[in-house]
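Okay, so here's the structure we're looking at.
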2 protein chains.
Amino acid sequence: MPTVSSEELAAAAGVNSAKLRKDFSYLGSYGTRGVGYDVEYLVYQISRELGLTQDWPVVIVGIGNLGAALANYGGFASRGFRVAALIDADPAMAGKPVAGMPVQHTDDLEKIISDNGVSIGVIATPAGAAQQVCDRLVAAGVTSILNFAPTVLTVPDGVDVRKVDLSIELQILAFHEQRKAGEESAADADAAAGPAVTKNQHRKGPDGDVPAVMPA
Amino acid sequence: MPTVSSEELAAAAGVNSAKLRKDFSYLGSYGTRGVGYDVEYLVYQISRELGLTQDWPVVIVGIGNLGAALANYGGFASRGFRVAALIDADPAMAGKPVAGMPVQHTDDLEKIISDNGVSIGVIATPAGAAQQVCDRLVAAGVTSILNFAPTVLTVPDGVDVRKVDLSIELQILAFHEQRKAGEESAADADAAAGPAVTKNQHRKGPDGDVPAVMPA
DNA sequence: AGCTGTGAACCGATTCACAGCT
DNA sequence: AGCTGTGAATCGGTTCACAGCT
């Protein structure tokens, strides 16, 4: 399939075709009227815009189960991410191979960051260590942090933090689950006629999240 | 601190106080005019509304690094989640203790689900196994699924799926990182005067995500 | 004839602003 | 005097609808 229309893409993604066209238009005019979008060209343009064509060296700090899972996660490489180093505070971990890469000790954190030109750090430590690790990462030059520890991090302006709370996703499911149990009737009109379907499964779906205000 | 005003909460959460009051008002009138919200009462009401006061038995299928990390994750218990069982397809894993609980074999999946009254399942298997596991979970009565496998699952209507893609969060950071490098000037007005601050670190922050349309 | 790109209309969600309660 | 709860105004993002290109 060398070419694709906004209508087809919209159907596949479960969104309105006008929205899709408008969004694409912000990246430039990459479509051809009467024809559609050239798939290969479009993929390249989107990849470039999202930074997928760049090489992003990343360090993972805290090589417990979660850190190891992240190190082994296959999805990173295909998105332009390269795990440059695994760092852990436990001396017993140092040198141990995880995902085919030796774990390094926290003592060398600063050197690792600067040697590899790392600007993105992943924190998978216990909550208690997170802020301290964060401070060192930032001091060493990291400007984006992905935080899996259950703490809100304080960072200087200019540094981005994203917090991933695994239990929040479960909580959102439980919230809907609770609703299902409550109103066995309101949903019926919707749920009535229809076999297996693939809805938008990503967060921020059209059916709404838990109110944004609720604090963690 | 027995009582708190919408203004204080809003400042802490980084949102507008009117929004916070309006959101709370959907749960009922739990504040006192001239005083604020009674903290303990408010916490209870929100907990109840979100389903935190209920007990949610959950099964985790696929006990690799990620599954083990989830099993060990402390945050679940405090939100009302109880890991009822760990399930893996590898016979060698069966019986092994993970997070103080023996791993059970996939053969018993249906029995485990019904014995424990599980309605929420977590899939942490490789991509190839995910849909099959999903089908069995749904057939056994699970109506909410948290999917960590890099596949979009197809489910019957009435079943909720949330997909967590760990690389997407990194991608969002890389996207902003790229911007920082590009326009060293536009951000300056914002970044200029200010020491360490704690911004809203959760997804859907005020500074926007990557356009929702972008397909995975 | 077909499909993009986009101004204009629309709509839901946020914010303002204040009446009303304590 | 102080703060909630909420109508009304506002805002930003989505959708409509069509001019314009191929």
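No hydrogens, no waters, no symmetry mates; every other heavy atom, side chains included, goes into these values. Residue numbering restarts at 1 for every chain, and letters A, B, ... go by the order of the sequence lines.
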- Message: Less than 3.5 Å apart, any donor N or O on the side chain of A:T143 or B:E177 sitting next to an acceptor on the other?
- Response: yes
- Testing D:dC16, C:dT15, D:dG5 for proximity to the side chain of A:N16, the answer is D:dC16
- Minimum-distance nucleotide (side-chain atoms of B:S5 versus D:dT4, C:dT15, D:dG5): D:dT4
- Note on the structure: In B/S/- notation (B base, S sugar-phosphate only, - none; protein heavy atoms under 4.0 Å), nucleotides 17-22 of chain C written 5' to 3' is B-BBBS
Taking only side-chain nitrogens and oxygens of [X], does any of them come within less than 4.0 Å of OP1 or OP2 of [N]?
{"X": "A:K19", "N": "D:dT15", "result": "no"}
{"X": "B:Y26", "N": "C:dA13", "result": "no"}
{"X": "A:Y30", "N": "C:dC3", "result": "no"}
{"X": "B:S6", "N": "D:dT4", "result": "yes"}

- Message: Please list all pairs meeting salt bridge (charged side-chain N to carboxylate O under 4.0 Å, His left out) that have one or both residues in residues 35-54 of chain B, counting only residues at least two apart or in different chains.
- Response: A:R179-B:E49
- Measure from the ring center of A:F24 to the ring center of A:Y30 and say whether it is less than 6.0 Å. no
- Query: Are the aromatic ring centres of B:F76 and B:Y73 under 6.0 angstrom apart?
  - Reply: yes
- Side-chain donor or acceptor of A:W56 paired with backbone N/O of A:G51 under 3.5 Å: yes
- Nearest heavy-atom contact between A:A68 and B:N65 is CB-OD1, 3.6 Å
- Message: List the residues meeting salt bridge (Lys or Arg N to Asp or Glu O under 4.0 Å) with A:D115, not counting sequence neighbours, and say none if there are none.
- Response: A:K111
- Task: Using salt bridge (Lys or Arg N to Asp or Glu O under 4.0 Å) as the criterion, list what pairs up with B:E8, not counting sequence neighbours.
- Result: none
- Separation of B:F175 CZ from A:S144 OG (nearest 0.5 Å): 12.0 Å
What pairs of nitrogen or oxygen atoms, one from the protein and one from nucleotides 8-11 of chain D, lie under 3.5 Å apart?
| residue | atom | partner | partner atom | Å |
| --- | --- | --- | --- | --- |
| D:dA8 | N6 | B:K22 | NZ | 3.4 |

- Query: Would you say A:E110 has more than 12 foreign heavy atoms packed within less than 6.0 Å of its CD?
  - Reply: yes
- Note on the structure: Parsed dot-bracket for DNA chain D after applying the Watson-Crick and G-U rules with both distances under 3.5 Å and | for other-strand partners is ||||||||||||||||||||||
